[in-house]
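Since the structure comes first, as structure tokens, the remarks are kept for the end.
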Amino acid sequence: MSADTSQEQGPSGAGNNFLRNLIAEQIATGEHAGPVVTRFPPEPNGYLHIGHAASICLNFGLAEHFNGACRLRFDDTNPDAEDQEYIDSIQADIQWLGFEWEGDVRYTSQYFAALYDYALYLIDAGLAYVDELSPEQIREYRGTLTEAGTNSPYRDRDPAESRAMFEAMACGEYAEGTASLRAKIDMASGNINLRDPVIYRIRNKAHHQTGDTWCVYPSYDFAHGQSDAIEGVTHSICTLEFEDHRPLYNWLIEQLPVPAQPVQYEFARVNLNYTVTSKRKLRRLVDEGIVDGWDDPRMPTIAGIRRRGYTPASIRAFCDMVGVSRSGGTVDTAVLEHAVRDDLNPSAPRAMCVMDPLKVVITNWDEDRVETLTASGHPDRDDLPERKLPLTREVYIEKADFREAANKKYKRLVLGKKVRLRNAYVIEAHDVVKNAAGEVVEVHCTYDPDTLGDNPADGVKPKGVIHWVSASHGKQALVRVYDRLFSVENPAREADLLDGLNPLSLEMYAGCWIEPGLADVAPETRVQFERTGYFVADRYDHAPGAPVFNRVVALRDTWAKIEQRGA
RNA sequence: UGGGGUGUCGCCAAGCGGUAUGGCAACGGGUUUUGAUCCCGUCAUGCGCAGGUUCGAUCCCUGCCACCCCAGCCA
């Protein structure tokens with residue numbers, strides 16, 4: 001792959017971003033020599049979401065572009081929150097997105113011994129000390145945003161004593177919260193991260209990777225940069241909120257005898273409207289049963305988006321369209337939706353599904369007659385298999401596709417008017433049957449036998465085309481129609497997150513009729529139900545003979561707009 | 001009366017001294033047995049505001065304003 005950034009741009013200059021330009025310049029000027037090494041460093045305390053996808057595309061994309069390497073490193077420094085379930089899901093999500101990390105999976109925990117030695121080094125150098133202030137006291141001593149902090153009375157403890165104490169802490173001789181190791185920097189710094197940050201704390205708890213080996217665990221700040229250095233990461237990319245940590249990151253790299261000098265760069269995280277991308281909030285939705293789990297199709301998690309039916313390519317395209325910058329913003333979900341439609345339109349086979357059925361009886365069609373029509377699998381492709389569509393006397397159409405009377409803007413079936421059954425004949429409605437409540441429950445039509453592939457003899461081409469499924473030969477399916485989980489643009493701003501929930505985020509259609517060929521597709525098969533939207537056979541709930549489809553996204557709907565304006 | 005950032009069309013994002021670029025959305029129109037797709041067209045005399053430097057500034061300087069992040073022994 002070429003490192004020429006003027007090449008390989010997709011729409012909107014996809015792939016080109018300030019970091020790519022920066023690295024290209026570093027290479028051009030010789031400021032950076034050797035391979036570009038990045039890493040994706042998730043903490044295994046939750047599922048990956050769409051924001052992580054941006055980071056994954058960035059880190060892996062940069063490595064690929066510069067012929068370097070990107071590794072996966074679990075940033076597992078806090079045994080309290082982490083779990084193997086997340087380690088597994090994160091790996092599966094990255095692979096599903098289509099990225100491959102170099103070498104084995106790494107864990108920050110595999111460097112605990114080295115990190116411990118670095119801590120000792122800092123202590124011996126008089127640059128770290130064991131503090132016996134309680135967490136509350138540490139907070140008080142830290143000062144405020146506008147007032148300098150106060151030195152801990154333990155700040156000038158003799159290094160030898162700190163070393164002995166730290167070693168004892170590591171052996172489990174101290175209770176949690178009774179002591180911590182702090183870097184000795186500057187309690188008066190305007191940057192609070194430099195006010196003697198805690199770099200090691202006691203956790204008398206088993207770690208998912210290291211078991212009971214350790215009773216002290218390094219903080220993010222102490223572990224991250226040093227792990228980067230150990231691994232030879234050259235460009236350590238993180239989000240904007242870590243900007244304030246960069247001076248600390250650099251301070252540690254400078255003070256410690258690390259084998260390399262990684263540099264931290266920050267970019268703005270991606271926010272999407274009508275949803276939340278905070279692990280804490282997502283976890284709440286899961287824990288309180290608001291959704292069906294981390295992979296509920298309404299969740300902005302990679303697993304949820306996957307189950308919703310989005311493709312890896314569409315998510316990568318989305319990340320390219322959104323770009324990478326340092327100015328935080330909120331992207332419209334319409335961009336995500338555009339990305340899937342754009343990917344699915346050329347690839348998804350077409351099919352018909354009636355979701356809200358209304359029976360149509362073709363009165364001039366013999367009771368037992370079954371005509372098997374063929375339909376193209378895709379309007380623009382002849383390489384996809386053709387479909388067999390049995391047409392019978394009784395078929396179902398959508399309730400919304402029939403009106404007893406309507407104005408000219410309504411291009412569907414109207415009493416006394418003609419419409420084409422998609423891939424079949426033109427029919428004309430003559431009569432309706434109503435129930436006691438006055439609702440139309442049946443429409444009687446006649447078909448024109450000369451209209452298969454032709455316009456009616458009178459030369460008047462019906463304006464509308466509607467989809468249908470044979471009442472006797474169609475199959476039933478459960479279709480779930482998903483909508484945004486929140487009805488407000490920024491749910492995080494609500495007094496309570498749940499206040500912004502969209503009550504109609506999931507609608508179940510139990511009595512749908514699908515064309516017969518669709519009942520036995522494999523899970524995760526994506527199709528377009530013509531005139532309706534893109535759908536996917538559910539990854540878990542769909543089974544041959546018991547079809548369950550999720551709506552990925554609706555088709556663009558110009559009619560809905562016209563209708564809203566009052567048709 | 002702390003520190004660090006960011007401000008270019010409704011939303012993202014390029015441009016980084018030579019007279020505003022792309023995507024999404026929106027709005028017109030054409031093709032169409034999906035009111036889909038596709039195609040064509042419209043959409044910032046202005047780049048947070050005010051000054052200054054310059055032949056010329058979104059890009060440089062100064063001063064304001066707005067918004068975001070930071071006071072976990074979370075990451």
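These values consider heavy atoms only, across backbone and side chains, with no hydrogens, waters or symmetry-generated copies. The sequence lines fix the lettering, A, B, ..., with proteins before strands; numbering per chain opens at 1.
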Using a cut-off of 4.0 Å on non-hydrogen atoms, how would the nucleic acid contact of [X] be classed: base, sugar-phosphate, or nothing?
| X | value |
| --- | --- |
| A:His224 | nothing |
| A:Val324 | sugar-phosphate |
| A:Leu373 | nothing |
| A:Arg350 | base |
| A:Gly464 | nothing |
| A:Glu266 | nothing |

First of A:Tyr410 and A:Ile138 reached from the 5' end of RNA chain B, by closest nucleotide
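Counting from the 5' end, the first nearest nucleotide belongs to A:Tyr410.
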Given that A:Glu82 and A:Asp332 both sit by RNA chain B, which one's nearest nucleotide is further toward the 5' end?
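This one resolves to A:Asp332.
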When every nucleotide of nucleotides 1-6 of chain B is labelled 5' to 3' by its protein contacts under 4.0 Å (heavy atoms), B for base, S for sugar-phosphate only, - for none, what sequence of letters results?
-BBSSS
Below 4.0 angstrom, which residues in residues 267-281 of chain A have at least one non-hydrogen atom near RNA chain B?
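Within residues 267-281 of chain A, no residue comes under 4.0 Å of RNA chain B.
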In whole angstrom, give the distance that lies between atom [atom1] of [X] and atom [atom2] of [N].
| X | N | atom1 | atom2 | answer |
| --- | --- | --- | --- | --- |
| A:Leu555 | B:U34 | CG | P | 12 Å |
| A:His467 | B:U34 | NE2 | P | 13 Å |
| A:Glu241 | B:C74 | CD | C1' | 12 Å |
| A:Asp320 | B:A13 | CG | C1' | 12 Å |
| A:Phe535 | B:A36 | CZ | P | 16 Å |
| A:Asn490 | B:C68 | CG | P | 11 Å |
| A:His245 | B:G72 | NE2 | C1' | 10 Å |
| A:Arg20 | B:A13 | CZ | P | 17 Å |

Could you check whether [Y] and [X], counting side-chain N and O atoms only, form a donor-acceptor pair closer than 3.5 Å?
| X | Y | value |
| --- | --- | --- |
| A:Tyr310 | A:Asp343 | no |
| A:Tyr249 | A:Asp228 | yes |
| A:Glu85 | A:Tyr47 | yes |
| A:Gln528 | A:Glu530 | no |
| A:Tyr154 | A:Glu132 | no |
| A:His224 | A:Asp75 | yes |
| A:Arg39 | A:Ser236 | yes |

[N] to [M] separation - [atom1] atoms, rounded to the nearest Å:
| N | M | atom1 | value |
| --- | --- | --- | --- |
| B:A57 | B:A20 | C1' | 13 Å |
| B:C40 | B:G23 | P | 11 Å |
| B:C59 | B:U53 | P | 15 Å |
| B:A36 | B:U31 | C1' | 13 Å |
| B:G48 | B:C9 | P | 8 Å |
| B:A71 | B:C39 | P | 49 Å |
| B:G7 | B:C47 | P | 15 Å |

Kindly say if [X] contacts the phosphate of [N], meaning a side-chain N or O under 4.0 Å from OP1 or OP2.
| X | N | value |
| --- | --- | --- |
| A:His338 | B:C24 | yes |
| A:Arg203 | B:C73 | no |
| A:Arg341 | B:A36 | no |
| A:Arg201 | B:C74 | yes |
| A:Ser219 | B:C73 | no |
| A:Arg493 | B:C67 | no |
| A:Arg565 | B:A26 | no |
| A:Lys463 | B:U32 | no |

Ring-face cation of A:Arg203 near A:Tyr217 (centre distance under 6.0 Å, axis angle within 45°):
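Judged by the rule, A:Arg203 and A:Tyr217 form no cation-pi pair.
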Can you check whether A:Tyr220 stacks with the B:A75 base, using ring centres under 5.5 Å and planes within 30°?
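No, A:Tyr220 does not stack on the base of B:A75, since the centre distance and plane angle fail the 5.5 Å and 30° test.
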Taking the inter-plane angle between the rings of A:Trp513 and A:Tyr396 on a 0 to 90° scale, is it parallel (under 30°), tilted (30 to 60°) or perpendicular (over 60°)?
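A:Trp513 and A:Tyr396: parallel rings.
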Apply salt bridge (charged side-chain N to carboxylate O under 4.0 Å, His left out) to the pair A:Asp80 and A:Lys205, showing each step before the final yes or no.
CA-CA 8 Å; A:Asp80 282 346; A:Lys205 179 171 189 182; 3.8 Å; yes
Is there a salt bridge (charged side-chain N to carboxylate O under 4.0 Å, His left out) between A:Lys417 and A:Glu428 once you walk through the steps?
CA-CA 5 Å; A:Lys417 302 276 173 50; A:Glu428 181 171 351; over 6 Å; no
State which residue, out of A:Lys184, A:Arg155, A:Arg182, fulfils the side chain to side chain donor-acceptor pair (under 3.5 Å) condition with A:Asp196.
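Only match with A:Asp196 under side chain to side chain donor-acceptor pair (under 3.5 Å): A:Arg155.
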